[in-house]
Amino acid sequence: MTGRVLDLEGARTAAAAARASGRRVVLANGCFDLLHVGHVRYLEDARALGDLLIVGVNSDAAVRRLKGPGRPLMPASERAEILAALRAVDHVVVFDGDTADGLVALLRPAVHAKGTDYTPESVPERGAVLAAGGRVAIAGDAKRHSTRDVIAEILARFGRDREPLR
């Protein structure tokens with residue numbers, strides 16, 4: 001992968017170079033299946049926690065395991081490309097895990113940011129973050145936005161029994 005979307009080795013190299021130059025690496029992760037304002041606020045807050053924001057995106061297989069049939073709506077490559085276009089995001093990497101434990105171990109971020117649907121104690125990667133010498137932070141606004149809700153609203157307004165959009 002090229003540009004701001006990196007493969008795992010490229011992400012490891014970028015994180016190591018940032019650490020070597022004294023920059024604080026922040027890792028955020030998620031499915032990002034249908035980008036909404038909650039995602040943007042989460043990533044902007046995460047970026048404010050350090051000097052370099054790397055966003056881990058769950059692979060298509062991981063999203064299917066986590067979210068169920070019919071998901072993801074967009075392939076990982078497209079989700080990564082959209083995220084990489086955001087000003088707050090420095091790099092994006094796709095990973096195949098239900099949690100980001102392996103990504104945390106690989107990148108060793110100073111901060112692992114999770115959304116407000118978590119507490120510092122309930123973050124699934126908490127143990128991996130502490131083992132890598134980092135800290136967990138909660139970022140974003142109150143959880144009032146979800147891809148599930150956006151999908152439900154679209155179906156309610158434009159479901160199968162409605163006129164197609166033009």
Side-chain angles (χ1 to χ4, degrees), residues 1-118 123-125 128-129 132-141 143 145-148 150-151:
M1 295 183 189
T2 61
R4 292 170 42 159
V5 179
L6 305 174
D7 60 16
L8 289 169
E9 181 57 26
R12 186 199 64 73
T13 300
R19 273 194 314 280
S21 67
R23 298 171 72 203
R24 185 176 13 202
V25 176
V26 178
L27 172 65
N29 73 282
C31 297
F32 303 101
D33 196 12
L34 185 60
L35 194 65
H36 55 72
V37 72
H39 291 137
V40 172
R41 292 172 182 166
Y42 161 52
L43 296 173
E44 287 176 343
D45 281 359
R47 178 63 174 81
L49 296 169
D51 305 306
L52 180 82
L53 176 60
I54 299 175
V55 179
V57 175
N58 293 87
S59 69
D60 295 343
V63 174
R64 274 191 291 282
R65 289 190 300 269
L66 294 167
K67 303 295 184 177
R71 302 282 293 274
L73 298 171
M74 293 183 288
S77 61
E78 291 178 11
R79 292 181 279 130
E81 184 178 341
I82 290 168
L83 289 167
L86 297 176
R87 180 178 51 233
V89 176
D90 294 297
H91 298 294
V92 180
V93 61
V94 176
F95 70 100
D96 189 34
D98 294 354
T99 70
D101 286 328
L103 197 55
V104 167
L106 180 72
L107 302 180
R108 296 181 23 241
V111 181
H112 180 51
K114 292 294 271 190
T116 58
D117 44 339
Y118 293 93
V123 168
E125 300 85 2
V129 173
R135 71 177 180 90
V136 171
I138 304 303
D141 63 354
K143 179 82 174 179
H145 315 283
S146 73
T147 299
R148 183 181 332 101
V150 173
I151 293 169

Practice prompt. May I have the step-by-step check of side chain to side chain contact (heavy atoms under 4.5 Å, CB included) for V57 and L83, ending in yes or no?
Written response: CA-CA 9 Å; V57 175; L83 289 167; 3.4 Å; yes
Item to complete: Could you give me the CA-CA distance, side-chain angles and deciding distance for L86 and L43, then say whether side chain to side chain contact (heavy atoms under 4.5 Å, CB included) is met?
Response: CA-CA 9 Å; L86 297 176; L43 296 173; 3.9 Å; yes
Worksheet entry | Chi angles and distances behind the side chain to side chain contact (heavy atoms under 4.5 Å, CB included) call for L52, I54 | CA-CA 7 Å; L52 180 82; I54 299 175; 4.1 Å; yes
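Every residue two or more places apart in sequence or in another chain that forms a ring-ring contact (aromatic ring centres under 6.0 Å, His included) with H39 is listed here: F32, H36. Evaluation of the salt bridge (charged side-chain N to carboxylate O under 4.0 Å, His left out) rule for R65 yields D96, D98 as partners, not counting sequence neighbours. Partners of A113 under the side-chain contact (heavy atoms from CB on, under 4.5 Å) rule, at least two apart in sequence or in another chain, are V26, Y42, A46, L49, A139. Not a single salt bridge (charged side-chain N to carboxylate O under 4.0 Å, His left out) links D45 to another residue, sequence neighbours left out. Residues that satisfy the salt bridge (charged side-chain N to carboxylate O under 4.0 Å, His left out) test with D90, not counting sequence neighbours, are R47. Qualifying side chain to side chain donor-acceptor pair (under 3.5 Å) partners for D117, counting only residues two or more places apart in sequence or in other chains: none. By the side-chain contact (heavy atoms from CB on, under 4.5 Å) test, T13 is found to be paired with E9, residues two or more places apart in sequence or in another chain being considered. By the side-chain contact (heavy atoms from CB on, under 4.5 Å) test, D101 is found to be paired with T99, E125, A128, residues two or more places apart in sequence or in another chain being considered. By the side-chain contact (heavy atoms from CB on, under 4.5 Å) test, I82 pairs with L35, M74, sequence neighbours left out.
At least one donor-acceptor pair under 3.5 Å links the side chain of R79 to the backbone N or O of C31. With hydrogens and angles ignored, the 3.5 Å screen pairs a side-chain donor or acceptor of T116 with a backbone N or O of D141.
Counting all heavy atoms, side chain and backbone alike, A76 lies closest to V94 at CB-CG1, 3.9 Å. Contact detail for A100 and F95: the closest heavy-atom pair is CA-CE1, 3.8 Å. The nearest pair of heavy atoms linking L6 to A14 is CD1-CB, 4.0 Å. The shortest heavy-atom contact between A84 and V92 is N-CG2, 3.7 Å.
Within the structure, side-chain hydrogen bond (donor to acceptor under 3.5 Å, both in side chains) contacts touching residues 17-30 (residues at least two apart or in different chains) are N29-H112, N29-K114.
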Per-pair distances, 0.1 Å, donor-acceptor, side chain in residues 103-110, under 3.5 Å, sequence neighbours excluded:
none

